[in-house]
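Report on the structure given below.
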Amino acid sequence: MASVNIENLNTLSGLHPKPENVKFTYGTAGFRMKAELLDSVVFRTGILAALRSKKLDGKVIGCMITASHNPAQDNGVKLVDPMGEMLEGSWEAHVTALSNAETNEQLVDIIHSMVSSLKIDLTKPAKVVFGRDTRPSGEALAAAFVDGLKVLDAETTDYGIVTTPQLHYITRCLNTAGTPEAYGEPSAEGYYKKLAGAFKTLVDGKTKLSPLTLDCANGVGAPKFQEFVPFLGDSISVNIMNDDVENASKLNLNSGADYVKSNQRAPVGLKMVPQQRYASFDGDADRIVYYYQDDDSTFKLLDGDKIAGLAAMFIIDLVKAAGIDSISVGVVQTAYANGASTQYLRNTLNVPVSCVPTGVKHLHHEATKYDVGVYFEANGHGTVLFSPSALKTIHSAEGSSPAQAVAIRNLRAFSDVINQTVGDAFSDLLFVETILTQRQWTPKIWDQAYTDLPNRLVKVVVQDRSIFKTVDAERKLVEPAGLQDAIDAIVLKFRDGRSFVRPSGTEDVVRVYAEAATRPETDELAFRIAGLVFDYNSNGSGLRPREFI
Ligand SMILES: CC(=O)N[C@H]1[C@@H](OP(=O)(O)O)O[C@H](CO)[C@@H](O)[C@@H]1O
Ligand SMILES: [Mg+2]
């Protein structure tokens, strides 16, 4: 068995020293922090990507350099497994260990112990592809990643500036090429052709909707959607705003899906016209939320929960119309899903709903258990997964009437318009537009499925968030002892009250979520629980926010 060329590793690692006194953790969305701290981490992630590829017999591993909806000065790195899914959970600990090695000797030791415990054959080839968003720090970090790949002589292709979902798509295409599961051409152009072709089939012959106004958060979604437009031709009209990627400081500033969802308001500078459709991407275009203004000028958000409800409703109808009763539809949510959406799914659509911990990898995994699994985080990250057997059924069905044949054709195109590797703002946009076009629905009609319970999300800065331990898909605290009982006692006093507390996986805070029958009750509940959490674990650190009760 070959071994690592230590001289080579020492030289390359010397170019990417680890900053002192920083502890890195591969979290919900990979490593994410101030860009200036990331050089050594990205270099070592390159080593790990090469090891993972060797372990998987030379299958292509993907890497995306992005910090999504976070500010321009942040960056991050995240690995993609061969079918376009997130890095397998057990490898998160390995990449975390590599990133925290203090010396080159430790680095070599960790690599050697991985090679022996995971039985990695270093003579196997390694193939790794990578891309990045528009952040100015991306280019240098990509170079550090390439240095990491050189440690193990990995073959590599730089896909340059792409959206996160494009990189996931390309990774899957490369690994399925020439097989019956071939996913498409492994290029941005192949991606545009596949999605646009399916969309055109779905809206063919239907009356086109009024233009959609699209806020791209001044991120990678802007140039990439511009690139996409010629492929879509006149099948859709989109007015793009917040497309200034030259001025990095504008990235995600007062705009984008996270801003709109968190503040429940339109991006700054957008003058809304009642009953028109608006949508916002986040900074790496893997999330989308829709919104509109009602006639009384109220702002109405159509978030990930609303998108999941719309998708589930449409697919259920389509499956029925196609006469394929054997395909069942399920929806996966997290505890942050609005209680009204869960009720709608269960009681109106009669679909099974699972609740899993936060983080796309959990939702994705659970969704694979259904024939058609719809998954969305409330913040707008999600997609629809068709199981291999559902796809087979859809592709072999013929239908016994013209109406059934049309429904089957639509189901096939629908499965193609959806990026099944990961939540994808472009693809989600197209499937929402498909449904609204086929039904000729305004955003208000879509919104009428159910009325959101008022809700509030509060961040609590505590001394040590690691003491908060949860169970039951993060809906209950088991530690610190007694805190959950105190929460339950407060929640009981509120009509339709629901609240839960969990440590964030991406920020150094504890999050409190609350919903109740009315806005004032919701705010009171949220701030009471936030106050309770703060008092449990502040030890006098920081100021107690004034709104906490
Ligand atoms: C409440 C919330 O929106 N949490 C977000 C956030 O996770 P936290 O673990 O809550 O920090 O970032 C994740 C990664 O982007 C995303 O998947 C998740 O939905
Ligand atoms: Mg994102």
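The main-chain N or O of Thr358 is found under 3.5 Å from a side-chain atom of Glu474 such that the two form a donor-acceptor pair. With hydrogens and angles disregarded, no donor-acceptor distance shorter than 3.5 Å links the side chain of Ser53 to the backbone of Ala50. Distance alone, capped at 3.5 Å, places no donor-acceptor pair between the Lys300 side chain and the Pro443 backbone. Judged by distance alone, with hydrogens and angles left aside, the side-chain atoms of Arg277 form a donor-acceptor pair with the main-chain N or O of Ser210 at under 3.5 Å. In this structure, Trp446 contributes its side chain and Ile435 its backbone to no donor-acceptor pair below 3.5 Å. Using a distance-only test at 3.5 Å, with no hydrogens or angles considered, a donor-acceptor pair links the side chain of Ser504 to the main chain of Thr506. Side chain of Glu92 to main chain of Gly27: no donor-acceptor pair is present (N/O by atom type, distance under 3.5 Å, no hydrogens or angles). Between the Thr96 side chain and the Tyr26 main chain, a donor and an acceptor come within less than 3.5 Å of each other. Not one N or O on the side chain of Thr176 forms a donor-acceptor pair closer than 3.5 Å with the backbone of Thr179. The backbone N or O of Val128 lies less than 3.5 Å from a partner atom in the side chain of Thr156, making a donor-acceptor pair.
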Verdict with supporting geometry, Asn455 and Tyr336, side chain to side chain contact (heavy atoms under 4.5 Å, CB included):
CA-CA 9 Å; Asn455 58 93; Tyr336 292 105; over 6 Å; no
Begin from the C-alpha positions of Leu385 and Val374 and carry the test side chain to side chain contact (heavy atoms under 4.5 Å, CB included) through to its verdict.
CA-CA 6 Å; Leu385 300 183; Val374 178; over 6 Å; no
Evaluate Glu185 against Lys194 for salt bridge (Lys or Arg N to Asp or Glu O under 4.0 Å), listing each step before the verdict.
CA-CA 8 Å; Glu185 284 173 45; Lys194 180 174 177 179; over 6 Å; no
Could you walk me through whether Glu366 and Leu363 pass the side chain to side chain contact (heavy atoms under 4.5 Å, CB included) check?
CA-CA 5 Å; Glu366 182 70 20; Leu363 289 113; 6.0 Å; no
Using salt bridge (Lys or Arg N to Asp or Glu O under 4.0 Å), reason through Arg511 and Glu507 one step at a time and then give a plain yes or no.
CA-CA 10 Å; Arg511 296 195 200 280; Glu507 285 177 68; 3.1 Å; yes
Given Asn338 and Asp305, is the side-chain hydrogen bond (donor to acceptor under 3.5 Å, both in side chains) satisfied, shown in steps?
CA-CA 7 Å; Asn338 197 281; Asp305 300 338; 5.5 Å; no
With ring pair (Phe, Tyr, Trp, His ring centres under 6.0 Å) as the test, would you mind laying out the steps for Phe386 and Phe414 before giving the verdict?
CA-CA 10 Å; Phe386 289 77; Phe414 205 70; 7.0 Å; no
Given the rule in the side-chain hydrogen bond (donor to acceptor under 3.5 Å, both in side chains) test, do Asp294 and Gln275 qualify, once you have shown the distances and angles that lead to the verdict?
CA-CA 6 Å; Asp294 216 344; Gln275 307 304 341; 2.9 Å; yes
List the steps and the verdict of side-chain hydrogen bond (donor to acceptor under 3.5 Å, both in side chains) for Asp39 and His16.
CA-CA 6 Å; Asp39 179 72; His16 305 284; 2.8 Å; yes
Using side-chain hydrogen bond (donor to acceptor under 3.5 Å, both in side chains), reason through Asn419 and Ser427 one step at a time and then give a plain yes or no.
CA-CA 6 Å; Asn419 185 340; Ser427 151; 5.9 Å; no
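Residue pairs that meet the ring-ring contact (aromatic ring centres under 6.0 Å, His included) test with at least one member in residues 169-188, sequence neighbours left out, are Tyr169-Tyr183, Tyr169-Tyr191.
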Going by atom type alone, with no hydrogens or angles, which donor-acceptor pairs under 3.5 Å involve a side-chain atom of residues 257-265 and a protein atom two or more places apart or on another chain?
from, atom 1, to, atom 2, distance (Å)
Asp258, OD1, Arg287, NH1, 2.9
Tyr259, OH, Arg265, NH1, 3.1
Lys261, NZ, Asp303, OD2, 2.9
Ser262, OG, Asp258, O, 2.7
Asn263, ND2, Tyr259, O, 2.8

What pairs of donor and acceptor atoms, side-chain ones from residues 78-88 against any protein atom, are under 3.5 angstrom apart with sequence neighbours left out?
from, atom 1, to, atom 2, distance (Å)
Asp81, OD1, Arg52, NE, 2.8
Asp81, OD1, Arg52, NH2, 3.4
Asp81, OD2, Arg52, NH2, 2.9
Asp81, OD2, Glu88, N, 3.0
Glu85, OE1, Met83, N, 2.8
Glu88, OE2, Ser90, OG, 2.7

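Here the closest heavy-atom approach between residue Gly219 and residue Leu251 is recorded as CA-CD1, 3.5 Å. Considering all non-hydrogen atoms of both residues, Ser237 and Leu209 come closest at OG-O, 4.4 Å. The nearest pair of heavy atoms linking Ala198 to Ala413 is CB-O, 3.4 Å. Nearest heavy-atom pair, Pro357 versus Thr334, reported as atom, atom and distance to 0.1 Å: O-CG2, 4.1 Å. What you find for Ala248 and Pro136 is that their closest heavy atoms are CB-CG, 3.4 Å. Summarising the geometry of Pro186 relative to Tyr159, their closest heavy-atom pair is O-OH, 3.5 Å, with the distance given to 0.1 Å.
The aromatic rings of Tyr450 and Tyr344 lie tilted to each other, with the angle between the two planes from 30° to 60°. The aromatic rings of Tyr291 and Tyr278 lie parallel to each other, with less than 30° between the two planes, well short of the 60° mark. Between His94 and Trp91, the two ring planes are perpendicular [angle over 60°; tilted spans 30° to 60°].
Note on Arg135 versus Glu139: no salt bridge recorded, every NZ/NE/NH1/NH2 to OD/OE distance being 4.0 Å or above. With salt bridges taken as basic N to acidic carboxylate O contacts below 4.0 Å, none links Lys444 and Asp447. Salt bridge annotation for Glu181-Arg172: absent, with no cationic side-chain nitrogen under 4.0 angstrom from a carboxylate oxygen. Using a cutoff of 4.0 Å between basic side-chain nitrogens and carboxylate oxygens, Arg32 and Asp74 are not scored as salt-bridged.
Of the inter-residue distances, the one linking Leu310 atom CG with Lys306 atom NZ reads 10.0 Å to the nearest 0.5 angstrom. A distance of 8.0 Å separates CD1 in Ile418 from CG in Asp428, rounded to the nearest 0.5 Å. In this structure, CD in Glu246 is found 7.0 Å from CG in Asp244, a value given to the nearest 0.5 Å.
Ser68 and Asn70 share no donor-acceptor pair across their side chains, judged by distance under 3.5 Å alone. Side-chain N/O atoms of Gln333 and Thr342 include a donor and acceptor closer than 3.5 Å. Side-chain N/O atoms of Asp215 and Asn242 include a donor and acceptor closer than 3.5 Å. Side-chain atoms of Glu227 and Tyr192 form a donor-acceptor pair, as typed in the model, at a separation below 3.5 Å.
None of Asp286, Asp284, Asp282, Asp133 except one satisfies the side-chain hydrogen bond (donor to acceptor under 3.5 Å, both in side chains) rule with Thr164; the exception is Asp284.
Using a 4.5 Å heavy-atom threshold, the side chains of Ser354 and Tyr370 count as touching.
In this structure, His381 has its ring center no closer than 6.0 Å to that of Phe376. Phe426 and Phe281 have their aromatic ring centers within a separation under 6.0 angstrom.
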